[in-house]
Amino acid sequence: MSIEFENDQIRRRYEELDELIARGVEPYPHSFDRTHTSRQILETFRDDDPSPLADVAVAGRIMAIRRMGKATFFHIQDADGKIQCYIKADELPSQYEMLRLLDIGDIVGVRGFVFRTRAGEITVHARLLALLCKSLRPLPVVKEERDEHGNVIVHDAFTDKEQRYRRRYLDLIVNSHVRQTFIQRSRMITAIRRFFDERGWLEVETPVLQPIYGGATARPFVTHLNALDMPLYLRIADELYLKRLIVGGFEGVYEISKNFRNEGIDRMHNPEFTALEIYVAYRDYHWLMDMTEELLVTVTSQVRGEPTLLRADGTGIPLERPFRRVRLLDAISDAIGQRIESLSREELYTLCRRHDVDVAPSASKAKLIDELFSTLVQPTLVAPTFVTDHPVEMSPLAKRHRDDPMLVERFELYIGGMEIANAFSELNDPRDQRQRFEEQARLRAGGDDEAMVLDEDFLMALEVGMPPTAGLGIGIDRLAMLMTGAASIRDVILFPLMRPEHSQRPIEA
RNA sequence: GACCCCGUAGCUCAGUGGUAGAGCAUCUGACUUUUAAUCAGAGGGCCGCAGGUUCGAUCCCUGCCGGGGUCACCA
């Protein structure tokens with residue numbers, strides 16, 4: 001086998017690998033009996049009694065080496081953090097020789113006793129050094145130092161966004177804040193599950209591949225099922241299936257799932273993203289606003305230690321109950337200084353033009369209201385705010401407002417200028433639902449390719465009868481952004497969608 | 001999709017119309033409590049790709065590829 005090496009460092013490492021094998025070192029052994037993680041040692045070491053840590057075994061990736069002739073210090077990194085190790089040539093002559101052939105990036109196991117160095121760092125003094133995996137590619141080298149206040153100063157951080165997203169494994173190895181971000185994301189989802197499970201609501205799984213896509217207005221990804229020779233769509237939402245389960249008699253169901261929307265990619269959008277949807281029978285959107293507040297305060301407190309979310313600029317967003325609640329038409333009217341509910345489509349269009357809101361002349365009334373809101377109001381909604389009671393044309397799956405049939409019982413939750421949640425008192429009147437679908441069909445015929453598709457089976461389910469139900473959707477990625485202070489959705493998705501690199505282009509069959 | 005910015009060593013970045021430089025990393029040597037270890041030396045580059053202008057292009061121009069940002073589209 002001949003390998004063309006990309007650079008001298010990789011060639012060098014392959015040579016070292018051969019030399020290790022020639023010396024009888026197994027470069028890829030099967031296991032290592034670890035007794036402690038780095039953190040367990042750092043947290044339990046006591047200067048007045050080091051004996052409990054007189055024989056520990058740690059394992060991890062070498063992140064720094066300081067060779068000083070016949071003694072060497074190195075740091076290894078495990079999932080918990082880093083710990084320094086110390087090895088002396090006269091104590092372990094053959095393993096010290098092997099260490100010559102090791103590099104930053106190699107994974108090793110160290111068995112020994114724990115002590116504190118003159119410089120004050122808790123360190124594992126090696127009685128055994130074992131190679132666990134030889135690394136054949138150089139890692140980005142990031143150096144850290146501590147200033148007099150103990151703050152970590154990072155030098156030459158691995159920052160190239162393209163490389164960080166494409167080679168997330170490198171990003172995770174060298175950027176500890178990235179590891180923390182994804183740990184927090186995972187804890188957030190765990191906390192959400194716990195919150196729902198404690199209330200007896202059932203986690204379910206519904207189809208990703210759907211013959212009819214629904215539950216949201218968006219362009220879908222289309223695929224094809226060979227077995228039945230039919231098109232299928234990747235789901236854009238779970239809504240219609242979860243409601244069928246409420247019809248079926250479950251009284252609280254939720255799903256945390258990937259949705260797929262064939263639309264733009266930017267700081268707030270990834271073609272596949274994670275959504276939470278939950279439906280609870282016999283409840284309405286008022287109850288749901290209270291529940292949403294409690295959910296967010298509980299989850300944020302558990303993940304961040306306090307009920308405060310974090311913006312990318314470092315400022316906090318305290319979650320103080322109750323969240324502000326404002327009706328959509330009031331919010332827009334206040335921003336404009338003029339009531340808008342009785343305006344015609346043409347008057348709304350003129351209003352948009354006057355306020356520099358960019359809209360197509362053919363835009364529907366719902367679209368114009370949406371544009372006015374998202375341009376004039378949404379950016380101002382930093383503190384958590386429920387925006388409620390949307391016009392019925394904007395919300396084909398929501399129940400009409402009990403006080404005004406032109407509106408629906410709906411809320412969207414905005415935090416940090418982002419839409420985080422969307423919820424309704426769910427429409428369960430099958431005749432009204434059919435009319436709404438028919439209106440969507442007219443929009444589709446008029447060229448709106450994001451309008452909803454009529455789903456006869458869903459209507460049949462509503463005819464069987466769905467109890468009054470409250471339904472909520474939360475954008476998990478966006479919530480994770482606020483949980484971690486991320487500026488881009490790509491920073492909270494492990495493998496965000498990227499255009500393939502040239503060498504990785506799929507070959508046409 | 002439109003516009004703006006970016007692409008130089010493994011990483012982070014300088015730089016110039018006369019085919020390249022720093023720090024870290026790598027290699028050689030010294031060093032048995034170092035810690036951005038230190039000290040002395042060395043190697044490493046299709047300057048994103050392809051054209052064009054020019055005696056000569058990493059630099060100027062055009063196109064393409066990739067990334068970032070803004071807008072549009074959109075949860």
Side-chain angles (χ1 to χ4, degrees), chain A residues 5-13 15-16 63-75 82 84-92 96 100 103-105 115-121 123 125 135-147 152-167 170 174-175 215-219 236-237 259 261-271 273 275 358-360 367 370-371 374-375 378 394 412-414 418-422 448-450 473-475 477-478 487-490 496 498-505:
Chain A
F5 298 106
E6 283 174 44
N7 62 58
D8 60 323
Q9 292 194 48
I10 291 173
R11 178 171 41 78
R12 172 72 200 170
R13 284 174 182 237
E15 289 167 0
E16 285 170 346
M63 298 302 288
I65 310 182
R66 290 176 291 282
R67 303 175 199 269
M68 301 185 314
K70 296 190 174 57
T72 292
F73 288 89
F74 55 97
H75 274 94
K82 288 181 188 152
Q84 181 170 257
C85 300
Y86 178 57
I87 180 168
K88 294 209 286 186
D90 56 358
E91 294 176 348
L92 296 170
Y96 201 85
R100 273 200 325 107
D103 294 291
I104 290 171
F115 74 112
R116 189 185 290 276
T117 65
R118 274 210 284 268
E121 180 157 354
T123 300
H125 186 129
S135 169
L136 297 171
R137 275 186 183 264
L139 236 41
V141 176
V142 179
K143 295 223 170 189
E144 293 177 355
E145 72 173 317
R146 285 182 188 280
D147 64 12
V152 175
I153 301 167
V154 177
H155 299 272
D156 298 329
F158 179 53
T159 53
D160 184 283
K161 284 187 180 174
E162 180 176 1
Q163 290 303 311
R164 287 185 46 221
Y165 298 146
R166 287 193 194 281
R167 317 267 186 254
L170 294 178
V174 302
N175 288 328
T217 52
R219 273 184 286 265
I236 58 174
N259 289 347
R261 299 190 184 178
N262 207 338
E263 285 163 358
I265 303 173
D266 62 27
R267 244 178 37 252
M268 309 277 279
H269 300 86
N270 195 61
F273 63 99
D358 193 16
V359 285
K367 178 75 182 163
D370 195 29
E371 285 298 322
S374 53
T375 307
Q378 183 177 339
M394 296 171 72
E412 295 176 302
L413 173 61
Y414 289 86
M418 283 192 291
E419 185 201 333
I420 297 298
N422 183 25
D448 183 351
D449 55 359
E450 284 163 3
I474 292 182
D477 308 284
R478 291 177 179 180
S488 167
I489 198 168
R490 293 186 189 98
M498 302 284 280
R499 205 184 287 268
E501 290 177 283
H502 200 64
S503 59
Q504 296 287 311
R505 280 289 164 79

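A note on names: the letters A, B, ... follow the listed sequences, proteins ahead of strands, and every chain is numbered from 1.
- Look at the C1' atom in both rA30(B) and rU19(B): the space between them is 38 Å, to the nearest Å.
- Here K70(A) does not reach the OP1 or OP2 of rA30(B): none of its side-chain N or O atoms lies under 4.0 Å away.
- Rounded to whole Å, the C1' atom of rA37(B) lies 11 Å from the corresponding atom of rU33(B).
- Heavy atoms of M498(A) sit under 4.0 angstrom from primed sugar atoms or phosphate atoms, though from no base atom.
- Nucleic acid contact for T159(A): sugar-phosphate only, since backbone atoms but no base atoms lie under 4.0 Å from a heavy atom of the residue.
- Counting distance only, with no hydrogens placed and no angle test, the side-chain atoms of T123(A) and the base atoms of rU33(B) include no donor-acceptor pair under 3.5 Å.
- Comparing the P positions of rG52(B) and rC59(B) gives an interatomic distance of 14 Å, to the nearest angstrom.
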Just the atom pairs and distances: protein N or O near nucleotides 27-29 of chain B's N or O, under 3.5 Å.
| unit_1 | atom_1 | unit_2 | atom_2 | d |
| --- | --- | --- | --- | --- |
| rC27(B) | OP1 | E16(A) | OE2 | 3.4 |

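- Only the P atoms considered, rG10(B) is 16 Å distant from rA25(B), to the nearest whole Å.
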Report summary line: Writing each nucleotide of RNA chain B 5' to 3' as (, ), [, ], | or . by Watson-Crick or G-U pairing under 3.5 Å yields (((((((..((((....[..)))).(((((.......))))).....(((((..]....))))))))))))....
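- Across all strands shown, Y414(A) has heavy atoms under 4.0 Å from base atoms, whether or not it also approaches the sugar-phosphate.
- Taking atom P in both rG63(B) and rC73(B), the straight-line distance is 26 Å, to the nearest Å.
- Spacing between rU26(B) and rG21(B) at atom P, rounded to whole Å, works out to 23 Å.
- Ring geometry for Y86(A) versus H125(A): interplanar angle over 60°, hence perpendicular rather than tilted (30 to 60°).
- Of the charged side-chain nitrogens involved, at least one lies within less than 4.0 Å of a carboxylate oxygen, so that K82(A) and E144(A) count as a salt-bridged pair.
- Rounding to whole angstrom units, CD1 of residue I65(A) and P of rU26(B) are separated by 7 Å.
- If you check the side chains of E145(A) and H155(A), you find a donor sitting under 3.5 Å from an acceptor.
- Annotation: rC61(B) and rG45(B) have their C1' atoms spaced 25 Å apart (nearest Å).
- Look at CE on M63(A): it is 15 Å from C1' on rU35(B), rounded to the nearest Å.
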Report task. Could you run through nucleotides 5-10 of chain B and give me one letter per nucleotide, 5' to 3': B if any protein heavy atom sits under 4.0 Å from the base, S if only the sugar-phosphate is that close, - if neither? Result -> -----B
Requested in this report: Please step through side-chain hydrogen bond (donor to acceptor under 3.5 Å, both in side chains) for the pair E121(A) and H75(A), ending with a clear verdict.
Outcome: CA-CA 11 Å; E121(A) 180 157 354; H75(A) 274 94; 2.7 Å; yes
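- Using a 4.0 Å heavy-atom criterion, one finds that E145(A) contacts the bases of the nucleic acid, with or without backbone contacts as well.
- The side chain of R66(A) contributes an N or O atom lying less than 4.0 Å from OP1 or OP2 of rA37(B).
- Rounded to a whole angstrom, the distance from the C1' atom of rG15(B) to that of rG23(B) is 15 Å.
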